[in-house]
Amino acid sequence: MLPMEMSSNFVKSIIEEDLASGKVKDVVTRFPPEPNAYLHIGHARAIITNFELAKMFGGKTNLRFDDTNPVKEDAMFVEAIKGDIEWLGYEPANVFFGSDYFEETYRRAVMMIKKGLAYVCDLSADDVSAYRGTLTEPGRPSPNRDRSVEENLRLFEEMRSGRIPDGAKTLRAKIDMASPNINMRDPVMYRILHVHHHNTGDKWCIYPMYDFAHPLQDAIEGVSHSLCSLEYVDHRPLYDWFVEKAEMEHVPHQYEFGRLNITNTIMSKRYLKQLVEAKVVRGYDDPRMPTLVGLRRRGYTPEAIRAFVLGTGLSRINSTVSSEMLENCLRDDLKMKAARTHAVLSPLKLTIENYPEDMTETFEIPNNGDNPELGTRTVSFSKHIWIDKEDFAETAPDKGWKRLSVGLEVRLMQAYFVKCVGVVKNEAGDVVEVRCTYDPATRSGSGFNLRKPNGNIHWVDAATALPATFNLLEPLMVDSDADRSIFDRLNPHSWNEAQGYVEANLSNVPIETKFQFVRVGYFSVDYDSKPGSLVFNRIVELKSSFK
RNA sequence: UGGGCUAUAGCCAAGUGGUUAAGGCAUCGGACUUUGACUCCGAGACCGCUAGUUCAACUCUAGCUAGCCCAGCCA
């Protein structure tokens, strides 16, 4: 069963307590992506968690683009990210940018200088690093640590004016160079970057660092619960310090949860970029990619992704969930929603000897036997039929064989029983045609029950079937050994194409339409598909206990 | 003795002193079946380890072990 809402977890408990104690009145969360990459399913977890949590408590969720580093960001991603969130089914209460708050952030920085809590530092990047100390040794104070408030004010203004080159000065928080938490050793608050910003243009040449900007942004927006991943745990003391020292009226709190990984799936932005740039994949929306655009193109539904995220829970552990879990969510979602039709992926000709050459029948059959609301469709039947190679073996391999073999009788689903009376082979000895006879008394729907077939197989009428391409997608990675290069871990068979046939009624299917191809799997119409040249992506296979 | 975080079945994950330790995925049986699907029934845990507190410990305490994170003018 698909989980429809978030089960018990530590963040939910915290919110319940905060509400009960009166510490928090309005639940406000936010999803703060940096606009520098396509979103992937790991982001989907953050999105879904933030939105569902707020929704559950009558709160709201903002989308906030964390655009404090113009050298890495690109406005193109802003629209892409908005689209992904909308596709997932969420609507942000507000769409903000970190850059909306540059003026306010600057004022707070000035305030902190006046309070003697921030200073302009002349150290180079290398020197800042050297002065910082190591994990086991304390750092040393910057030579400029005790500059006067007046001088700091003057220099900070000078930084802003544009007269100082990149990297020559920084504004630093005056905290504790001996702190065992390295984040507290006078972290940089502002750096000089003479770079054009996608929102603020050339107005600024100093940009705030994440550690300073983020808590202020949360505070300004009235965020109550600021969720982030585990690697920010060590930043929380800094977060709280900035909120307090910058005298923010609203006090947000940060809570961290573990990242979600999926087996056989590479999730880091960097690796995904490498795959695209090396042309290992066909783009960010390649149906093998774990990006939201990739999953969408492949045929994953927002409902399945939401069920997956809700079903895997939330904790302070970096988890690696089996990809089978995601696959199951897709099957579960499409089980009742998708029409079930016939497709033959590896065609083998079947000829019914006792069926008249010029006869054609049409059958009205249900689109989904478990869901009458999906209606019916008409399929044709005639002397020449395509079946799947896998459904035929000249001699049955074992007594459990439930398909067709010489001398055995199976049901062509929704049609007739056919009995194999012989085969035609080519020079190489491969079976190229199966010869059968059919029994008119066994017509589906007739109530015939005098004998049981050896199995049920799908088929399409060769006279009317449409040729189609099937993209049989497998994991990009076969090896989870993170020590090896991703290029050494690639699955050489991640993309297999099959040429086969589908029912004639699929001639005009729109892209992204989902089907269950009976006994084969769930498929979605690819973006490249068009009438006369149909392309289907296999989203997931059906489960099978057949070995 | 840098600091921090984590530890419940193969994978996720509830559980916050007293329950047969939820649930999902996976796996293995069985039933049903015009999908070897679905559905249904059944099966799995010495709760990281060791001491302790307690009538009672997955839950509290101490010690230990293992894994992950931190030394960007990235986020």
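Worth knowing before you read on, the calculation uses all heavy atoms, side chains too, and leaves out hydrogens, waters and symmetry mates. So you know, we letter chains A, B, ... as the sequences are listed, proteins then strands, and number each from 1.
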Short side-chain N/O contact to B:G15 OP1/OP2 from A:Ser8, under 4.0 Å
yes
Under 5.5 Å between ring centres and under 30° between planes: does that hold for A:Phe546 against the base of B:G36?
yes
Between B:U34, B:C25, B:A37, spot the one nearest the side chain of A:Asp370, thanks.
B:A37
Taking a pair as Watson-Crick or G-U wobble with both distances under 3.5 Å, which nucleotide is matched to B:C5?
B:G67
Would you kindly compare A:Gln516 and A:Asp122 by the position of their nearest RNA chain B nucleotide and give the one closer to the 5′ end?
A:Gln516
Which base, if any, makes a Watson-Crick or G-U wobble pair with B:A37, both distances under 3.5 Å?
none
Identify which nucleotide among B:C74, B:A13, B:A37 has an atom closest to any side-chain atom of A:Arg340, counting heavy atoms from C-beta outward.
B:A37
Closer than 3.5 angstrom, by distance alone: can the side chain of A:Asn454 be matched with the main-chain N or O of A:Glu409 as a donor-acceptor pair?
no
Syn or anti for B:G24, please, going by whether the chi angle lies within 90° of 0.
anti
Re B:G52: Watson-Crick or G-U wobble partner, both distances kept under 3.5 Å, found to be B:C60
Closest to the A:Thr134 side chain, choosing from B:A71, B:C73, B:G36:
B:A71
Can you tell me the Watson-Crick or wobble partner of B:A43, both distances under 3.5 angstrom?
B:U27
Nearest of B:G3, B:A71, B:C12 to any side-chain atom of A:Thr320?
B:C12
Taking the P atom in each of B:C11 and B:U53, what is the distance between them to the nearest angstrom?
34 Å
One should read off an interatomic distance between A:Gln516 CD and A:Asn367 CG, to the nearest 0.5 angstrom, of 11.5 Å
Residues 129-145 of chain A vs salt bridge (charged side-chain N to carboxylate O under 4.0 Å, His left out), sequence neighbours excluded, gives A:Arg145-A:Asp186
Among B:A71, B:C69, B:C74, the nucleotide that comes nearest once only the side chain of A:Arg132 is considered
B:A71
Please report the distance separating the P of B:A21 from the corresponding atom of B:C47, rounded so that it comes out in whole Å.
11 Å
What's the closest nucleotide to the side chain of A:Thr312 if the choices are B:A75, B:C12, B:G36?
B:C12
Are A:Arg160 and A:Tyr190 in a cation-pi setup, meaning NZ or CZ lies under 6.0 angstrom from the ring centre and within 45 degrees of the ring axis?
no
Counting side-chain heavy atoms from CB outward, which of B:U35, B:A75, B:C25 is closest to A:Met413?
B:U35
Which nucleotide wins on minimum distance to the side chain of A:Asn456, given the candidates B:A71, B:U35, B:G24?
B:U35
Let's see if you can work this out: which of B:U34, B:A14, B:C5 has an atom nearest to the side-chain heavy atoms of A:Arg316?
B:C5
Would you say the side-chain atoms of A:Ser319 pair up with the backbone N or O of A:Val321, donor to acceptor, closer than 3.5 Å?
no
A:Arg340 and A:His458: CA distance, side-chain angles, deciding distance, side-chain hydrogen bond (donor to acceptor under 3.5 Å, both in side chains) verdict
CA-CA 11 Å; A:Arg340 302 175 183 176; A:His458 59 279; over 6 Å; no
Nucleotide of B:U35, B:G4, B:C74 approaching A:Asp234 most closely (side-chain heavy atoms)
B:G4
Residue whose nearest RNA chain B nucleotide is more 5′ - A:Asn318 or A:Ser322
A:Ser322
Any strand, both distances under 3.5 Å, Watson-Crick or G-U wobble: B:C74 pairs with none
